[in-house]
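Inspection log for the structure reproduced underneath, given as structure tokens.
Note on naming: letters A, B, ... go to the chains in the order of the sequence lines (proteins, then strands), and numbering restarts at 1 for each one.
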Amino acid sequence: MGNYSVVVLDFETTGLSPQYGDRAIEIGAVLVENNEIVDRFQSLMNPGMKVSSFIEEYTGITNRMLDSSPSITEVMHEFTRFMAQHHLVAHNAGFDSRFLDAELQRINQQRCQEFACSLLISRRVYPELTSHSLESLVRSKNLKTDGVHHRALADAEMTAHLWVNIVNDIKAEYGFKQVPFDLLKRLSKVSKSLAPTFLRRAAENQE
DNA sequence: TGCCAGGCCCTCTTTAGGGCCTT
């Protein structure tokens with residue numbers, strides 16, 4: 001049983017690149033302790049710009065919904081209290097960390113928490129799968145879902161279930177008593193072909 | 001005004017290109 005907690009988060013945004021002016025429009029996050037979701041955070045946020053029809057269709061989040069939503073500043077201040085000092089997890093964390101860092105910078109704050117990526121880790125733990133998109137993983141691993149996709153809280157919850165599934169599968173296959181966050185961080189940087197050896201050796205050397 | 005992502009990972013690789021993954 002992991003003795004640490006993680007916050008699994010997901011952003012919906014106006015596009016793919018905060019460097020080119022894209023902004024967050026929704027954040028969803030769950031706090032996972034001992035393989036259980038024990039708290040949730042969700043909010044739309046008004047980006048102060050119109051989102052494209054593609055984004056309206058992709059997420060189901062409309063300009064009308066965003067018009068009456070709180071500001072990004074307000075929501076991000078609340079979210080910093082929710083994430084506190086917990087380790088962070090996201091599916092394709094490079095994307096979410098870029099938006100998180102960009103929005104934090106706009107409110108003069110900085111992230112100090114470590115980020116782990118469930119996409120990179122699942123590619124190493126489930127190399128037999130041909131697709132590692134969140135939707136495919138939910139299907140192939142029979143993860144709990146309410147059928148909603150591309151909304152922040154629903155995606156964060158599915159990612160949390162994926163995270164727990166990964167931890168449990170590594171325990172079962174390699175005989176870990178617990179799977180530290182740092183081990184999964186390091187696993188995500190090991191080459192795919194060396195991942196099984198890395199895990200086997202780590203299991204042999206655990207305290 | 002309009003330009004328009006970034007990083008991983010494989011391979012017919014490393015003097016590179018293209019698919020995947022996120023919205």
Pairwise P distance for B:dG6 and B:dC12, with rounding to whole Å = 29 Å
Expressed in whole Å, how much space separates the C1' atoms belonging to B:dG19 and B:dT15?
-> 22 Å
Rounding to the closest angstrom, what is the interatomic distance between B:dG17 and B:dT23 at atom P?
-> 29 Å
Across the strands shown, which category fits A:R124 at heavy-atom distances under 4.0 angstrom: base, sugar-phosphate, nothing?
-> sugar-phosphate
Quick one: what's the B/S/- string for nucleotides 17-23 of chain B, heavy-atom cutoff under 4.0 Å, read 5' to 3'?
-> ---BBBB
Roughly how many Å is it from CG in A:D101 to C1' in B:dG6, rounded to a whole number?
-> 14 Å
Residues pairing under ring pair (Phe, Tyr, Trp, His ring centres under 6.0 Å) where one sits in residues 35-67 of chain A, two or more places apart or in two chains, turn out to be A:F41-A:F79, A:F41-A:F82, A:F54-A:Y58, A:Y58-A:H150
Would you mind reporting whether A:V190 and A:T197 have side-chain heavy atoms less than 4.5 Å apart?
-> no
Determine the interatomic distance between P on B:dG7 and the same-named atom on B:dC3; round to the nearest Å.
-> 23 Å
Is any side-chain heavy atom of A:E103 closer than 4.5 Å to a side-chain heavy atom of A:R23?
-> yes
In short, A:L44 meets A:R151 closest at the heavy-atom pair CD2-NH2, 3.8 Å
P gap between B:dG2 and B:dC8, integer Å | 34 Å
What is the ring orientation for A:F181 with A:H87, classed by angle as parallel under 30°, tilted 30 to 60°, or perpendicular over 60°?
-> parallel
Whole-Å distance between B:dA5 P and A:F99 CZ?
-> 12 Å
Please tell me if the side chains of A:D10 and A:I27 come closer than 4.5 Å, counting only heavy atoms from C-beta onward.
-> no
